Structure formats: C-alpha cells, structure tokens
Amino acid sequence: MDVELGVAIIATINATIRFSIPITLGALSGIFCERSGIVNIGIEGMMLMAAFAGFMTNVALSEAGVDPALQAAAVRLGLSLLVALLTGGALGLLHGLLSIQYKVDQIVSGTVINILALGLTGYWYKSNASTMGKMQNLVSNPFTQDGSWKLSIWDNFSFYLPYDIGRILFDKDLITYLTLALVFILGWALYNTTWGLRTRSVGENPRAADTLGINVYRVQYTNLFLAGMLAGLGGAFLSLAAVGVFEQNMTNGRGFIALAVMIFGNWRPWGALRGALLFGFATALQGQLQQFGIDLPHQLVGMLPYILTIVVLAGFVGRAQPPAHAGTAYEVE
Amino acid sequence: MATTAHSSSATSSRRIQTQLWSVLQGLLVPFLSVFTAIMVGAILILVNGRDPITAYEGLIEGAFLEPRGLLASFRNMTPLVLSGLAVAFAFKSGLFNIGVQGQLILGSVAAAWVGFAFELPPLLHITAALGVALLVGGLWAAIAGVLKAYADAHEVITTIMLNYIASNFASWLIATGSDGSRPGPLASPEAKLDAIARTPEILDSAKLPVIYSVPPDFDLHIGVFIAILASVFIMFLLYRTTFGFQLRMNGHSQSAAEYAGVNVKRVTIMTMFIAGCLAGLAGGIQTLGFNHGYEGNQSLGLGFDGITVAFLAGNNPLGVNAAAFIFGAMDSGTKRMALSADVANELIQVIQAFILMFVAADQIIRQMYRIKAKPGSRLALGGSSKGGEN
C-alpha cells in the first residue's frame with residue numbers, strides 16, 4: 001500500500017468534522033422547531049437560501065467601488081454572515097406564518113420553503129460571481145511537522161505529535177467553533193432556562209402551557225426565528241467558510257440528513273452533535289474508502305446512515321421519543 | 001302529468017346548477033392561486049429588468065401553440081399525473097407520501113432492467129416491464145407503510161430516508177466505474193466512454209408505442225393514456241369500493257375507523273403500497289417511453305412536483321390530470337421563455353412554489369380577493385390523521 005495511513009486517518013477526521021458542522025446546525029434547527037411543536041422539513045431550503053444570500057452579499061461587497069472600510073475581511077464577512085442569518089430567520093418566520101397563522105399543514109409549509117429556495121436561488125444564480133475571499137481559519141496550527149515527534153505504528157502508518165493533534169483542533173473557521181459552542185449553550189439552555197422550559201412545555205402539551213399563561217404562538221415564532229437562523233448559519237458555513245462560493249443546490253440534502261440526525265439524537269442538542277459526527281463520518285469515509293484499500297462501492301456505504309435512521313425510528317435500537325405535540329397545529333381558545 | 005314532469009326536470013336542472021356552481025367555486029381558489037403565482041413571477045421578472053409580457057408570451061407559445069410544444073406538455077404531464085396521484089391517494093388516508101421520488105427511481109431502474117435484459121414479444125415485454133416497475137415501487141413504499149403500522153414510525157421521515165437509500169442504490173447499479181471502482185451490475189458497457197452513468201438502452205420491444213411524431217426528434221408515446229386511465233381507476237377505487245371507503249374513513253379519523261372495525265394497519269400498508277405502485281408506474285413509463293433506459297437524475301424533482309400537483313388538484317384523482325397538465329405545460333414552455341425573454345428556467349419553480357403556498361394557505365387568496373370561506377371546504381389532511389393523538 002502506498003498510502004500513508006496516518007495522513008488518511010487525520011484527513012478522515014477533518015473531513016468528518018467539516019461534513020458534520022452544517023448537519024449539526026440543521027439538526028439544532030430541527031430540534032428547536034419540533035421541541036416547540038412545529039415540524040420543519042424546510043431546513044434544507046432555509047440553508048440553501050441563506051447560503052445564497054450570504055454569498056451574494058459577499059459578492060456585492062467585493063465589487064470595485066465599495067467603501068474599503070466595508071471590504072475589510074471582518075466587516076465584509078460579518079455582514080454577509082448577518083444577512084445569511086437574517087435570511088434563515090425570515091424563512092423561519094414564513095414557516096410560522098404559514099403553519100401557525102394560516103394553519104397550513106406543517107409538512108406542506110416546509111415543502112413550500114424547499115421548492116421556493118431551490119427556485120429563487122436558481123433564478124438569481126450567477127455563474128461567474130467572484131468574491132474577495134472566504135472566511136480564514138480562526139486559529140492556525142501552532143505546531144509544525146518538523147518540530148514534532150514521529151510516532152511510527154507500522155510501515156506507512158505514523159503520526160506526528162503534537163502536529164497532527166493540532167491539525168484536528170486548529171485550522172478551523174469561526175463557524176466550526178461557534179457550532180460546538182452552540183451545542184453546549186443550547187443544550188444547557190433547553191433544560192435550564194425559562195425559555196427552554198417554555199419551549200419544551202409548548203411542544204409537549206400546548207394546552208397546558210396555554211393554561212399556565214404561556215403565549216404559545218410567541219414561543220413558537222421565537223423558536224422558528226432562532227431555528228431559521230441556525231439553519232442559516234449552516235448555509236453560511238457552506239458558502240462563506242467551507243466552500244466559499246455558492247453552487248446551485250449546494251446543500252444537496254443536508255437539511256434532510258439533519259432531520260435524520262435530530263431523530264438520531266433523540267431531539268437533544270448533544271445527541272445531535274453525536275449523530276452529525278456519525279453521519280459526517282459515513283460521508284467522509286465514502287471519499288476515503290479507496291485510500292484505506294477497502295473495496296466497497298461508496299454508494300452502498302452512503303446508504304448506511306439512512307438505514308440506521310429508519311432502524312432507530314422504528315425502535316429496533318433504543319426508542320425515538322419525539323415531542324408529543326410536534327406536527328399538530330395548536331389553536332388558542 | 002305534464003306539470004309534474006316539468007317541475008321534476010326543473011328541480012333536477014336546479015340541482016345540476018347548484019352542483020355546477022359548487023364545482024366552479026371549488027375551482028376558484030386553485031385558479032386564483034395559479035393566477036396570483038404567475039403575477040408574483042411577473043414581478044420577479046420585472047425585478048430582474050426583463051419584460052414579463054414577452055416572457056409569458058414565450059411560455060404560452062412554447063407550451064401550447066407550437067405543435068411539438070403542446071405534445072411536449074402532454075408528455076411532461078404523464079409522470080406528474082402519476083406522482084400527483086401517488087401523493088393524493090395517500091393523503092386520502094391521512095398519509096403524507098414524500099417518498100414518491102424514491103419509489104419512482106426504483107420503478108425506473110426496474111423497468112429498464114426488464115427492458116434490456118429480457119427478450120419478449122412486444123406487448124408482453126411492455127406489460128412485464130411496467131408490471132415489475134409498479135410492483136417494485138409499491139413494495140418500496142409498503143416498507144414505510146409497515147413501519148408506520150407496526151412501529152409507529154412517521155411516514156414523512158421514513159419515506160425521506162427511503163428516497164436517499166433508493167437513489168444511492170440506483171446510482172450504484174449504474175455506476176460507470178470511471179473512478180476506479182467496479183462498474184455497477186446494471187451499468188451500460190458503453191457508459192464508461194461517455195461518462196454518463198446509465199443502463200443499456202432497452203430493446204425495441206419494450207419501448208412504448210408512439211402516437212404522434214414531429215420530425216426530427218419528437219415523439220409522443222401512449223403513456224399519457226395510461227396515466228389518465230390510472231386516475232380513473234384510483235377514482236373508482238376511492239369512491240366505489242369498500243377498501244376506498246375504509247381508506248377515506250381512516251383519513252378522516254383513525255379512531256373512528258378503528259371503532260368501525262376497519263383494520264387500520266392493513267389499510268395503512270395497502271395505501272402506501274398502491275401509492276408506491278403509482279409512483280413506480282410513473283418511473284416505468286418515463287423509462288419505456290422517454291429515456292429508453294435509466295439515467296441517474298432523470299427524474300429529479302418529479303416526486304416533489306407530485307406534492308404540488310396533488311394540492312393544486314385538491315387531492316381529487318381526476319383533478320390531478322388538469323393540475324399535471326398545467327405543470328407539464330409550464331415545463332415545456334420554459335425553454336421558449338428563456339430564449340425569447342432571457343428569463344432563467346428556475347422562475348417556473350418559483351411560480352410552482354407560490355402555487356403550492358397559495359393553494360395550501362387558501363386564506364391568503366380568500367383575503368386577497370375577498371372570497372367568503374365555504375364551511376368545510378378546507379383541505380382536510382395531515383391534521384386529520386393526527387387528530388387521534390390528541
């Protein structure tokens with residue numbers, strides 16, 4: 001074998017993290033919708049639209065003639081990120097308007113958002129748009145390969161310490177670290193704040209929550225806005241950080257995978273991260289199979305996470321416990 | 001004698017009149033939804049600095065006025081009728097079949113396999129290929145039905161997952177092996193050269209007969225009649241059979257159906273199976289009539305279009321034909337629209353999204369045009385199936 005196994009392993013770990021970030025954000029988005037009783041299958045569309053809006057802002061600010069103060073990387077990308085977040089949030093509110101105000105079936109409302117996003121981003125897509133650059137890594141790896149100790153396990157199988165550890169921990173962009181922080185913050189907030197308690201009570205029993213004086217719709221709209229922004233952050237990760245350009249249908253089903261991950265993690269933020277890492281790993285492995293000398297068709301390996309989701313959902317392994325009231329419109333009396 | 005005959009004919013004509021009126025009222029919201037969505041599209045065209053009138057002239061010309069355009073509208077509506085039926089039929093039982101895409105893909109591949117791997121006499125070959133496509137789509141959907149009935153797994157999520165499994169599986173079957181891996185078992189030996197993953201072309205005996213050709217390269221196949229027949233069959237099944245009655249009862253209230261002695265599990269599985277059969281048939285017809293083999297991505301989006309078509313038709317099996325025709329016409333007119341007014345094809349997708357939005361949120365349309373809501377006229381779905389959980 002002429003492949004350096006150590007290198008392939010580090011590459012797989014990094015790819016796993018890269019693939020799992022937008023899925024984690026999408027799953028968080030799903031969790032905060034469903035925990036407040038709204039099923040959101042429009043995550044895919046929210047991500048796509050936000051990715052597009054963020055990228056187009058970046059393009060617009062990169063044009064010649066724009067105030068140089070706005071073109072500084074931090075300002076330009078900060079504004080692009082903000083636009084992406086607000087776009088996601090706006091679509092979250094649209095989902096609320098349709099499913100809460102107009103009592104549209106939540107699945108249909110989500111489908112509207114998906115088709116709309118695919119259509120609008122395709123309609124406004126410009127193939128030759130260019131920007132002044134994407135997000136750079138927040139902290140670069142302080143270690144070098146030369147200054148590291150070579151740990152040889154086998155022929156063609158060695159690690160460089162601490163250089164290889166640094167490659168996993170550092171060389172990541174802002175959104176990656178932010179996502180990890182969000183998992184902990186939101187995971188804590190869901191169980192330890194008034195907002196979290198209200199969210200869960202609305203999703204489990206809106207009638208009881210209503211009786212206790214909680215404004216059910218307000219909780220739902222707030223969470224939908226937040227959920228839209230989380231999905232938007234996932235979209236921004238793709239078009240502003242990971243890839244750096246917008247491609248048509250670039251979310252490519254990540255929003256749907258996020259739904260699977262949400263179920264996988266049993267509607268808990270911490271579980272979502274674990275699920276996303278598993279899905280990310282399966283995706284990363286597809287690209288690295290041949291590196292490891294495994295002769296399995298990658299399409300079949302790609303089927304595994306979806307099969308696993310069905311297995312989990314069917315209760316063969318553990319038990320999925322969706323919020324009791326997710327999916328049904330609530331009418332205040 | 002004469003007076004009674006006169007009065008009875010008068011009442012019957014009045015009855016026909018009121019029936020006609022209620023049908024027209026039922027058509028009002030879908031019509032206004034399409035109209036309003038097209039207006040929204042016009043605004044988007046204006047925003048991009050193009051001329052909406054030229055664009056829509058091109059759309060209409062391309063969809064109806066040119067002979068091949070009109071024929072293309074009929075051809076495009078064919079899979080949409082069936083995918084729309086696959087959604088609408090499941091809706092009637094309170095099930096949301098988002099898995100049309102996967103069922104359709106597997107039906108396509110199955111039809112292609114029967115089409116190129118077996119040598120059979122023409123009529124038998126077509127029947128066999130369509131039969132296998134139908135069965136494969138049906139069994140694939142039935143998985144979601146079984147999971148719903150016996151494991152209480154929500155069909156929306158399971159069908160989405162089954163879509164991905166199906167599309168991965170199909171792309172493995174036809175993989176060219178250009179990336180150094182082994183070619184898929186159904187891959188065309190020539191596919192490696194032109195880098196488009198596909199199955200070998202089906203034999204002539206499996207190709208659907210052509211009704212009308214426009215030289216040099218346009219053929220209308222008989223698929224559209226199969227689709228319309230299927231819609232009549234589904235109408236009959238829903239409203240003239242015991243099973244259809246049980247299915248609709250299940251859709252209105254699962255607990256009521258249970259009390260009435262309906263085997264809800266069986267109805268759920270059978271509903272998904274039949275819905276999947278329709279989607280599989282759509283895929284089979286696409287393969288035998290249009291693509292003459294299975295190509296990756298050939299059916300992109302057909303499954304989701306089925307949802308919009310079903311909604312536009314108010315989940316009425318016969319109405320699905322009209323809704324599918326409108327969508328098919330939009331598809332065949334886009335190329336002309338793009339050419340004559342420099343408007344991107346995707347505009348149609350935006351318009352379709354707005355159609356779905358307006359039809360689903362009919363309150364918006366009613367407020368906009370000041371139409372009084374007819375009691376009980378709102379689409380009863382989704383919520384009705386979940387009603388039992390409260």
Side-chain angles (χ1 to χ4, degrees), chain A residues 39 41 45 94 97-99 101-125 207 248 253 256-257 259-260 263 289-290 295-310 312-316 320 322 324-325 327-329, chain B residues 44 48 96 98 143-144 147 150-154 156-158 160-173 175 179-182 184 301 304-305 307-308 311 343-354 356-357 359-364 378-379 381-383 386-387 389-390:
Chain A
V39 171
I41 70 161
L94 174 66
L97 185 74
L98 291 176
S99 60
Q101 173 80 29
Y102 290 111
K103 304 271 179 281
V104 173
D105 184 283
Q106 292 165 8
I107 306 293
V108 176
S109 172
T111 306
V112 167
I113 288 169
N114 287 335
I115 305 176
L116 192 65
L118 206 54
L120 278 178
T121 55
Y123 179 62
W124 281 320
Y125 174 71
R207 177 79 64 226
Q248 275 184 297
F256 292 118
I257 299 173
L259 282 178
I263 295 162
L289 274 178
Q290 284 180 317
D295 189 21
L296 262 180
H298 66 89
Q299 296 94 340
L300 296 188
V301 177
M303 284 163 43
L304 282 177
Y306 305 107
I307 297 175
L308 271 175
T309 304
I310 291 182
V312 169
L313 195 62
F316 298 131
H325 218 268
T328 33
Chain B
L44 284 172
N48 267 23
F96 207 123
I98 261 188
I143 297 175
L147 288 169
Y150 289 99
D152 201 27
H154 202 293
V156 167
I157 302 291
T158 52
I160 290 175
M161 298 305 127
L162 288 168
N163 281 347
Y164 282 101
I165 297 171
S167 89
N168 267 311
F169 183 65
S171 62
W172 169 66
L173 286 175
D179 54 353
S181 58
R182 265 174 299 171
F304 281 102
D305 288 349
I307 298 172
T308 318
F311 257 78
V343 170
N345 287 341
E346 284 82 2
L347 180 76
I348 295 304
Q349 220 167 4
V350 180
I351 292 178
Q352 290 174 351
F354 274 102
L356 179 59
M357 186 168 114
V359 176
D362 59 341
Q363 270 187 51
I364 299 179
R378 279 178 52 78
L379 294 170
L381 43 87
K386 288 155 200 145
E389 291 172 10
N390 293 339

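The sequence lines fix the lettering, A, B, ..., with proteins before strands; numbering per chain opens at 1. Any value given below was found using the heavy atoms of this structure, including those in side chains, with hydrogens, waters and symmetry copies removed. Bear in mind that the values here come from a model prediction, so they are computed numbers and not experimental data.
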- Message: Counting only non-hydrogen atoms closer than 4.5 Å, does A:A329 touch chain B with its backbone (N, CA, C, O), its side chain (CB onward), both, or neither?
- Response: neither

- Task: First locate atom CG of A:L120, then atom CG of B:L347, and finally report the distance between them rounded to the nearest 0.5 Å.
- Result: 9.0 Å

- What residue, out of B:F354, B:Y164, B:F169, has the most heavy-atom pairs lying under 4.5 Å from chain A? B:Y164

- Note on the structure: Heavy-atom nearest pair, B:V350 first then A:G119, reads CG2-C, 3.3 Å

- Taking all heavy atoms of B:S171 and all of A:Q299, pick out the closest pair and write down the distance. OG-CG, 3.5 Å

- Can you say whether the rings of A:F256 and B:F304 are parallel (under 30°), tilted (30 to 60°) or perpendicular (over 60°)? parallel

- Query: Going from CD1 on A:I107 to CD1 on B:I307, what distance comes out if it is rounded to the nearest 0.5 angstrom?
  - Reply: 9.0 Å

- Contact part of B:L44 toward chain A, heavy-atom cut-off under 4.5 Å: side chain, backbone, both or neither? both

- Message: Looking at every heavy atom in both B:N168 and A:M303, which two are closest together, and how far apart are they?
- Response: CB-CG, 3.4 Å

- Message: Using heavy-atom distances under 4.5 Å, tell me whether B:I143 contacts chain A through its side chain, its backbone, both, or neither.
- Response: neither

- Task: Side chain from CB out, backbone as N, CA, C, O: work out which of these in A:Q106 comes under 4.5 Å of a heavy atom of chain B, or both, or neither.
- Result: neither

- Tell me, side chain or backbone of A:L98 under 4.5 Å from chain B's heavy atoms, or both, or neither? side chain

- Message: Quick check for you: to the nearest 0.5 Å, what is the distance between A:L300 atom CG and B:I165 atom CD1?
- Response: 11.5 Å

- Note on the structure: Heavy atoms of A:Y123 and B:E346 approach each other most closely as N-CB, 3.5 Å

- Task: Grab the two heavy atoms, one from A:A314 and one from B:A151, that are nearest each other, plus how far apart they are.
- Result: O-CB, 3.4 Å

- Query: With side chains defined as the heavy atoms from C-beta onward, is the minimum distance between A:V39 and B:V156 less than 4.5 Å?
  - Reply: no

- Item | Between A:T111, A:I41, A:T121, A:L259, the one whose heavy-atom pairs under 4.5 Å with chain B are most numerous | A:T111

- Item | Side-chain heavy-atom pair A:I310, B:L147 within 4.5 angstrom cut-off | yes

- Task: With a 4.5 Å cut-off on heavy-atom pairs, point out which of A:S99, A:G253, A:P305, A:A117 contacts chain B the most.
- Result: A:G253

- Value rounded to 0.5 Å, distance of CE in B:M161 from CD1 in A:I257: 8.0 Å

- Contact part of B:S167 toward chain A, heavy-atom cut-off under 4.5 Å: side chain, backbone, both or neither? neither

- Item | Spacing of CD1 belonging to A:I113 relative to CE belonging to B:M357, to within rounding of 0.5 Å | 9.5 Å

- What distance do B:N163 atom CG and A:Y306 atom OH have between them, rounded to the nearest 0.5 Å? 10.5 Å

